[in-house]
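Notes to accompany the following structure.
Note that this is a predicted model, so its numbers are computed, not measured. Letters A, B, ... mirror the listed sequences (proteins, then strands); counts begin at 1.
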Number of protein chains: 2
Amino acid sequence: MDVRTICLGILTRGDATGYEIKKAFEDGGLQHFVEASFGSIYPALSRLTDEGLVSVREEVQEKRPDRKVYSITPAGRAALIGALMKPLPEDRHRSPFIFAMLFADLLPPARVRMLIDRYVAQSERKLAQLELRAREPLFAGERFAIDLAHTMYTAMLDFLRKRHAEFEGHTLQAAE
Amino acid sequence: MDVRTICLGILTRGDATGYEIKKAFEDGGLQHFVEASFGSIYPALSRLTDEGLVSVREEVQEKRPDRKVYSITPAGRAALIGALMKPLPEDRHRSPFIFAMLFADLLPPARVRMLIDRYVAQSERKLAQLELRAREPLFAGERFAIDLAHTMYTAMLDFLRKRHAEFEGHTLQAAE
DNA sequence: GTTTGCATGTAAACGGTTACATGATTGG
DNA sequence: CCAATCATGTAACCGTTTACATGCAAAC
């Protein structure tokens, strides 16, 4: 999903600044699935404003830059729903880890074990985040997304731990 | 992983043309994780040739455009291993489906059910592909990658089927 | 007869990231 | 004292996708 649509989505949950939109996904356990950088969020919000899909009010602050608080307009809501009613693009899961594992036979066994260990550790952190998030009050859709992510990470970790154990003591060399 | 590295990786398994490199991932069950288009593969191969990481030989063909068969050079092999020894970038799983589910409460219930149905069907197709692939002789690393992908899709499907059943007859409206 | 497969390549457009610029406040 | 948080924005760059250009052969 493009950054424009992501912004609209978050704004359906309440008004927010560009900064807050970024934060909304950053530590929600869903960064893996939806993310955007400032360099894309700010221009997106300007354009959405020009197009009347969101509106802005400026809150003057002392000792801090003024905040621009964005609200979604009825047209924006319609645009979001429109985007979600069209055929969705397919998921793309770009995984440097899986790519590297594909060529495990070219790497020193210690490197392969390290790669797996790190990926396990990373996934454990994500799982922990998801569990924290799951304790908060959520919209049903968010609950669904978080539970799905939880399921996938759990399955992956089980697999990784099992296979990692199998690597102990021997290498992942070419096999037929 | 960038297209350059992907090309190098495939060429460690044997010489190939740009066309074949594209095909190598396209139906291997791993498209979800690694992919590239012609528009990026051909320029990447030219650049790799200029840099001495691959070499080309041209095979003249009648009634078809000549094929340019690429081979990885020792320098190319070293470059690939170098890339796999550096810290890997994190996975990014961009999922329009999960994004849409996050806003399920804004959509007609029929649309939500349809979204899930389609995602289930898509995942079943991917699983079938993976199972086909798993029957072929594979490098250990490929086996690992395919089994991992299989594990994740299976877990996801179980989850989706279970939840879908729960949706029958009622909607995914806002909850607290 | 139309689609799919084989085969290469370029150019424009796109969407996004990274780095830069600025700067006070708060918490460790 | 240093890092993180809050806060906005621009510009350069990057990698990739999409569309275009070309064209025969085989399969359905």
Within the 4.0 Å heavy-atom criterion, would you say A:G39 contacts the bases, only the backbone, or no part of the nucleic acid?
base
Rounded to the nearest Å, what distance is computed from the CZ atom of residue B:R94 to the P atom of nucleotide D:dT16?
15 Å
Can a side chain N or O of A:K22 be found less than 4.0 Å away from OP1 or OP2 on D:dC6?
no
Please give, in whole Å, the distance from C:dT4 P to B:Y19 OH?
12 Å
Do the non-hydrogen side-chain atoms of B:E59 and B:R57 ever get within less than 4.5 Å of each other?
yes
Nearest-angstrom distance from the residue atom CZ of B:R92 to C1' of C:dG15:
12 Å
With under 30° as parallel and over 60° as perpendicular, where do the rings of A:H93 and B:H32 fit, or are they tilted in between?
perpendicular
Listed nucleotide nearest any side-chain atom of A:Y42, set D:dG9, C:dT8, C:dG16
D:dG9
Parallel, tilted or perpendicular: ring planes of B:Y153 versus B:F33, cut at 30 and 60 degrees
perpendicular
Say whether A:L157 and A:F159 are linked into one hydrophobic cluster, either directly or through other cluster members, by side-chain heavy-atom distances under 4.5 angstrom.
yes
Using the 3.5 Å cut-off, write out each protein N or O paired with an N or O of nucleotides 24-28 of chain C and the distance between them.
none

Nearest whole Å is fine: how far is C:dA7 P from B:E26 CD?
14 Å
Integer-rounded Å distance: C:dG23 C1' and A:D66 CG
13 Å
For D:dA7, does OP1 or OP2 lie under 4.0 Å from any side-chain N or O of A:K23?
no
Take the angle between the ring planes of B:F144 and A:F97 and call it parallel below 30°, perpendicular above 60°, tilted in between.
perpendicular
Earlier contact from the 5' end, DNA chain D, for B:D2 and A:V69
A:V69
Would you tell me if any nitrogen or oxygen in the side chain of A:S40 comes within less than 4.0 Å of OP1 or OP2 on C:dT17?
yes
Reference residue A:Q31; test side-chain hydrogen bond (donor to acceptor under 3.5 Å, both in side chains); the match among A:Q129, A:E26, A:K126:
A:Q129
Of the nucleotides C:dT8, C:dA7, D:dC6, which one has an atom closest to the side chain of B:E20?
C:dA7
Sub-4.5 Å side-chain heavy-atom contact between B:V112 and B:M101:
yes
Starting at CG of B:L127, measure out to CE of B:M156 and round the result to the nearest 0.5 Å.
8.0 Å
Spell out, as yes or no, whether a donor-acceptor pair under 3.5 Å connects the side chain of B:T73 to the backbone of B:G52.
yes
Output the rounded distance in Å from NZ (B:K68) to P (C:dA7).
14 Å
Can you measure B:F38 atom CZ to D:dG15 atom C1' for me and round it to whole angstrom units?
18 Å
How many whole angstroms separate atom CD of B:E35 from atom C1' of D:dT18?
14 Å
Looking at residues 43-60 of chain B, who's got a heavy atom less than 4.0 Å off DNA chain D?
none
Quick check on C:dT17: is either OP1 or OP2 less than 4.0 Å from any side-chain nitrogen or oxygen of A:S37?
yes
Ignoring the backbone of B:R67, work out which of D:dA7, D:dG9, C:dA7 is nearest its side chain.
C:dA7
Any B:T17 side-chain nitrogen or oxygen under 4.0 Å from OP1 or OP2 of C:dA7
no
Nearest-0.5 Å distance, CZ of residue B:R67 to CG of residue B:D15:
10.0 Å
